[in-house]
Amino acid sequence: MALYVAGLGKGVANGGMAQFQEMMRQQLESSMHAELEKLLDTTAGAEREVSKKNFEGFKNLFHRFLQVKGPSVEWIKIKRPPEDSIQPYDKIAARGLPDNVADNLNKLVVVKLNGGLGTSMGCKGPKSLISVRNENTFLDLTVQQIEHLNKTYNTDVPLVLMNSFNTDEDTKKILQKYTHHRVKIHTFNQSRYPRVNKESLLPVASSLSMSGQSAEGWYPPGHGDIYASFYNSGLLDQLIAQGKEYIFVSNIDNLGATVDLHILHHLVNQPNGKRCEFVMEVTDKTRADVKGGTLIQYEGKLRLLEIAQVPKSHVDEFKSVSKFKIFNTNNLWISLAAIKRLQEQKDMDLEIIVNPKTLDGGQNVVQLETAVGAAIKCFDNALGINVPRSRFLPVKTTSDLLLVMSNLYSLDAGSLTMSPRREFPTTPHVKLGSSFTTVQEYLTRFESIPDMLELDHLTVSGDVTFGKNVSLKGTVIIIANHGDRIDIPAGSMLENKIVSGNLRILDH
C-alpha cells in the first residue's frame, strides 16, 4: 500500500519544537548526503556520472519528503472540476480530421512506460515481452501499431521506451528484431534510487553494484520520474530539434492506448487558440475502478487525486461512483517544450508517494516515488478528455489476459477492437482463482480459449481445466472444492450455470 507522505512534522505546538524538528531534518539530510557520497565512491567513470545525476533527483525528493507536514490535500478544499475542463471525447471527435493528418503525426512521439517486470504474472524479464495474442508480445503490438500509422500516412512517428534497470538489457536485446520495421525506436532509462531504511532513513545499499546483497538496495522511482530522466537523457532536446511537439505516454500493458488522431488534432490545432500543454484521458468509473485516481479542482488548478492521498475518513466517499465519476487511464498527451521549460525552471512539483516494502531478509524499507499524471497541475491549460472505455484495456492479471486472447476482440495492425458480434460494448467480468495466477499455469488449463462473445460474468476457483471449443454465456461460476478437480469437457456450452465440486451442473 502506497502512502502519501506525512514527514517529520505533523503540526507543531510551539516554536521550540519546530526548531528541534528543523535541526533533526538538517541532520538527517546531512547524513543522507554523506552516505550517497560514500556510495558514489564505490564506482568510477560513466556509471559514477549517471549515478551522480540520479542522486541529485533523489536528494530533492528526500528533502521534500522531510519537509512535508501532514496530508498533501485538505479535503475541504477539493472541488469538482469546472464543466469545460473535462471534455467528452465525442465533442473532440465531432471536429473531424484535417486534410493534413500526416503533418500532425510528424509532430508526435509515442512513449511507452516499460520499466515493469512480469513477476506478478509469474514471468521472468520485462512484462512487455509476455505473449498476449497470436504469439505477439505487448512490444510487438506497439511496434505494429506505429508502423501501420507510418506506412498509412507516410510519416515518421518514433517509439520511445522508458526502461528501468530491471528491463533495459533484455529490452535492448529484443529490439534488434525490429531493425527492418518502419519505426525508429529510442530508449532511455528511468533513474535508480536507493531504498531507505524505515528506521534510520539512510540507504540500505553498501555499494552501487546491482549484484549480491546491494541489488535489493535499489528501485526505479515510479513513472513520475519520466520528466527528469527524459530531459537528462538528451533525447528530449533531440526530438524537439526534429520538430516534434507532443508525446503520447501510456503504460505498455494498456492494449487500448493507441494513437488517437482526433485527440492529436485537438492538441495541435486548439479551437480557442490556447496552447494546451497536457491532456489526461479519463473514463467513466465502474465498481471495478474505485481505487483509480480522479481529477479534481484544487486551489484553482486541475489536479490528480490518488486514493493514497485521501484521509481515511473520506476513503468511502472517494470510492463513490456518484461523487467521483471518472478515473485516470494514464494515457497522457504532453507538450515537449513545456516539459523542457518546467525541468529547466525546476517547477515540476509532484506529490511524493511513500511506498513501504519488506526485503527478503525481513528489513523494512521505504521507496520514495512519484506518478506521471500528478504533474497535470504544473502545465498550462491542462485538459481532461472523457474517452470510451475501449481506450483502457490493461493486462495486469491472467483474468485480463483471457479477455484479450478471446474472440471478444479482433486484432488488426497491432490494435485490438471489440468484436462487432458482441451485442453490448462492456467487457465481461472475469475472475480466475489462484490456480491460474501465472501465465504458465493459465495456459496449461485451457486447451483452447473459450467462446466468450455472450459472457457477462465468469468466476473460476480451484483445480479446473477447460477442453477445446467450450462456450461460456451469461453468468458462469465454476468452483472445485479443495482436493476435487473439474474438467470442463470439450465442446461444452455453459449458459447461466454453477458448476460445483462434484461436477453437478446447476442452472444459475
Side-chain angles (χ1 to χ4, degrees), residues 1-11 21-40 51 54-73 113 115-117 119-120 164-166 190-210 212-229 291 293 304-312 315 348-375:
M1 166 73 176
L3 305 169
Y4 273 77
V5 60
L8 289 178
K10 294 183 180 173
Q21 287 184 323
E22 183 53 38
M23 192 176 73
M24 286 294 291
R25 267 196 284 269
Q26 286 174 6
Q27 210 172 335
L28 279 168
E29 214 163 338
S30 167
S31 301
M32 173 61 80
H33 288 201
E35 288 300 313
L36 294 176
E37 282 304 315
K38 280 187 206 167
L39 286 169
L40 286 174
S51 297
N54 284 346
F55 286 180
E56 287 309 310
F58 178 75
K59 283 177 188 174
N60 174 38
L61 206 55
F62 189 69
H63 173 78
R64 286 172 46 226
F65 162 67
L66 295 178
Q67 296 296 323
V68 171
K69 299 179 177 69
S72 57
V73 292
L113 303 172
L117 294 167
T119 40
S120 65
S164 68
F165 61 80
N166 288 320
Q190 67 185 113
S191 305
R192 175 161 77 108
Y193 282 2
R195 284 178 167 146
V196 173
N197 183 304
K198 198 177 175 185
E199 305 306 320
S200 68
L201 292 184
L202 293 173
V204 295
S206 53
S207 78
L208 283 170
S209 166
M210 282 305 297
Q213 277 189 313
S214 273
E216 271 204 318
W218 304 97
Y219 72 99
H223 41 54
D225 182 55
I226 185 173
Y227 305 107
S229 296
K291 291 183 178 177
L304 179 66
L305 177 69
E306 299 275 13
I307 192 165
Q309 288 169 285
V310 177
K312 278 198 178 118
V315 166
M348 199 72 81
D349 172 29
L350 308 184
E351 287 83 16
I352 299 171
I353 305 163
V354 180
N355 197 351
K357 297 265 180 191
T358 303
L359 303 185
D360 288 345
Q363 189 174 22
N364 291 323
V365 297
V366 290
Q367 297 181 177
L368 303 182
E369 302 176 6
T370 55
V372 59

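A quick note: this is a predicted structure, and the numbers were derived from the prediction, not measured.
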For E306 and E351, what are the C-alpha separation, side-chain angles and deciding distance, and is it a side-chain contact (heavy atoms from CB on, under 4.5 Å)? CA-CA 10 Å; E306 299 275 13; E351 287 83 16; over 6 Å; no
Shortest non-hydrogen contact between [X] and [Y], atoms and distance:
X    : Y    : result
L201 : L66  : CD1-CD2, 4.3 Å
F165 : P220 : CE2-N, 3.7 Å
L304 : Q309 : O-OE1, 3.5 Å
G115 : Q190 : CA-OE1, 3.9 Å
P194 : F55  : CD-CE2, 4.3 Å
L61  : E369 : CD2-N, 4.5 Å

Hits for side chain to side chain donor-acceptor pair (under 3.5 Å) against S31, two or more places apart or cross-chain, chain-then-number order -> none
Taken in chain and number order and not counting sequence neighbours, the residues that satisfy side chain to side chain donor-acceptor pair (under 3.5 Å) with N364 are T358
Measure from the side-chain N and O atoms of [X] to the backbone N and O of [Y], and report whether any donor-acceptor pair falls under 3.5 Å.
X    : Y    : result
R64  : D349 : no
S191 : Y193 : no
R195 : E216 : yes

Beyond-backbone contact of [X] with [Y], side-chain heavy atoms, under 4.5 angstrom:
X    : Y    : value
M32  : E29  : no
V196 : L368 : no
P203 : L39  : yes
S51  : L40  : yes

**Prompt:** Between F65 and F62, how do the two ring planes meet: parallel, tilted or perpendicular, split at 30° and 60°?
**Reply:** tilted
Enter the distance from [X]:[atom1] to [Y]:[atom2] here, rounded to the nearest 0.5 Å.
X    : Y    : atom1 : atom2 : answer
R25  : H63  : CZ    : NE2   : 9.0 Å
K198 : K357 : NZ    : NZ    : 13.5 Å
M23  : L28  : CE    : CG    : 11.0 Å
T370 : I353 : OG1   : CD1   : 6.5 Å

Check the pair V365 / Y219 against side-chain contact (heavy atoms from CB on, under 4.5 Å), numbers first and verdict last. CA-CA 11 Å; V365 297; Y219 72 99; over 6 Å; no
